[in-house]
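See below for the structure under consideration.
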Amino acid sequence: MRDRLLALGLGRSRAALGRLIGIFLAYGSLALTIYLASGLGELKPTDQPLGQVLLLTVGFLFVPSLGEELLWRWLLIPPKASDSPWRAAVAVLASTGVFVAAHPFAAWLFVPHAWETFTHPAFLAIVALLGIACGTSYVLSRSIWPPIAIHWVTILVWKFMLGGPFVLLGR
């Protein structure tokens with residue numbers, strides 16, 4: 001339990017900063033390429049009022065970024081996963097599998113209007129890449145904050161730069 005609580009701090013984030021940035025850039029490049037090539041979206045900056053953008057930006061920090069990362073990384077990846085590359089890979093892949101499966105399930109249960117997006121193969125591939133990037137950053141840093149940051153920036157770019165749907169708002 002002590003190790004899990006330590007992961008709420010900064011862990012090894014400073015020491016792993018270069019690798020964390022590399023993970024984010026690699027993930028972002030692949031995700032953007034898949035997103036645009038699949039026809040899921042296009043470069044489309046938001047036209048929402050600044051106040052609404054700021055409010056949503058803060059909201060996205062908590063849901064989905066903080067909430068999902070606490071669930072899919074902090075709870076599912078054991079603190080000692082970084083002790084062995086094999087254990088780390090299995091933990092990250094298992095966490096990612098559950099994370100990917102949760103998206104169609106969430107659409108089916110909570111946001112049926114998001115079914116088409118949340119079950120699209122390209123979207124699920126991007127979600128898998130996000131799970132791997134967040135899981136790997138969690139294992140490397142031994143901190144929940146790098147995956148939260150990666151998830152948060154992903155959501156902000158998707159919603160405000162790529163015309164991603166606001167599924168919880170029904171649009």
Side-chain angles (χ1 to χ4, degrees), residues 7-11 13-14 16-75 95-96 99-138 140-141 143-171:
L8 295 174
L10 293 179
S13 298
R14 258 196 199 147
L17 187 58
R19 288 187 282 171
L20 295 172
I21 291 169
I23 288 167
F24 176 71
L25 292 175
Y27 156 72
S29 299
L30 282 169
L32 183 60
T33 300
I34 292 169
Y35 188 73
L36 295 175
S38 70
L40 270 176
E42 60 190 356
L43 186 59
K44 182 180 174 186
T46 188
D47 58 357
Q48 295 181 23
L50 180 60
Q52 188 174 16
V53 168
L54 293 175
L55 186 62
L56 288 168
T57 296
V58 171
F60 291 143
L61 175 60
F62 294 98
V63 179
S65 306
L66 177 68
E68 288 187 9
E69 293 310 314
L70 285 172
L71 180 61
W72 307 124
R73 262 47 85 183
W74 189 72
L75 281 177
S95 168
T96 297
F99 178 61
V100 171
H103 283 78
F105 184 74
W108 174 68
L109 200 58
F110 303 113
V111 283
H113 54 278
W115 180 259
E116 187 176 333
T117 299
F118 278 31
T119 58
H120 193 286
F123 179 84
L124 293 174
I126 293 166
V127 170
L129 289 172
L130 178 61
I132 291 167
C134 289
T136 302
S137 70
Y138 178 69
L140 282 176
S141 68
S143 170
I144 195 60
W145 296 105
I148 289 170
I150 291 169
H151 201 145
W152 189 44
V153 169
T154 296
I155 296 298
L156 295 178
V157 169
W158 183 41
K159 301 295 185 181
F160 299 127
M161 297 301 296
L162 300 173
F166 289 83
V167 297
L168 295 179
L169 301 176
R171 48 188 169 108

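Numbers here are sequence positions counted from 1.
Between Phe160 and Ile155 there is no side-chain heavy-atom pair separated by less than 4.5 Å. The side-chain heavy atoms of Arg73 and Ile144, taken from C-beta on, include a pair separated by under 4.5 Å. Annotation: side chain of Trp158 is in contact with side chain of Pro165 (closest heavy-atom distance under 4.5 Å). Looking at Leu20 and Ile150, their side chains never come closer than 4.5 Å, going by heavy atoms from C-beta outward. Side-chain contact check for Gln48 versus Leu56: some heavy-atom pair is nearer than 4.5 Å.
Ring geometry for Tyr27 against Phe24 counts as tilted: the plane angle lies between 30° and 60°, on a 0 to 90° scale. Below 30°, between 30° and 60°, or above 60°: for Phe118 and Phe123 the angle between ring planes is below 30°, a parallel geometry.
The two residues Ser143 and Leu10 make their nearest non-hydrogen contact at CB-O, 3.3 Å. What you find for Ser38 and Ala122 is that their closest heavy atoms are CB-CB, 3.4 Å. Annotation for Leu140 and Arg19: closest pair CD2-NH1, 3.5 Å, computed over non-hydrogen atoms. Minimum heavy-atom separation, His103 to Leu124: CB-CD2, 4.5 Å. In plain terms, the two heavy atoms of Thr119 and Pro104 that are nearest each other are CG2-CB, 3.9 Å. Heavy atoms only, all atoms of each residue included: His151 and Pro64 are closest at NE2-CG, 3.9 Å.
With hydrogens and angles disregarded, a donor-acceptor distance shorter than 3.5 Å links the side chain of Ser65 to the backbone of Phe60. Judged purely by atom type and a 3.5 angstrom limit, Trp145 uses its side chain to pair as donor or acceptor with the backbone of Leu8.
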Item to check | Full working for side chain to side chain contact (heavy atoms under 4.5 Å, CB included) between Thr57 and Val53 | outcome: CA-CA 6 Å; Thr57 296; Val53 168; 4.0 Å; yes
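Remark: Ile21 CD1 to Ser137 OG distance equals 12.0 Å, nearest 0.5 Å. Considering CD1 of Ile126 and CG of Leu40, their distance stands at 6.0 Å, rounded to 0.5 Å. Atom CE of Met161 and atom CG of Leu156 lie 11.0 Å apart (nearest 0.5 Å). Rounded to the nearest 0.5 Å, atoms CD (Glu68) and CG (Leu130) are 8.5 Å apart. Here CH2 of Trp74 is found 10.5 Å from CD1 of Ile148. Values are rounded to the nearest 0.5 Å. Within the model, atoms OG1 of Thr96 and CZ of Phe99 stand 8.0 Å from one another, a figure rounded to the nearest 0.5 Å.
Outside the 6.0 Å centre-distance limit, the rings of Trp72 and Tyr138 are not counted as a close aromatic pair.
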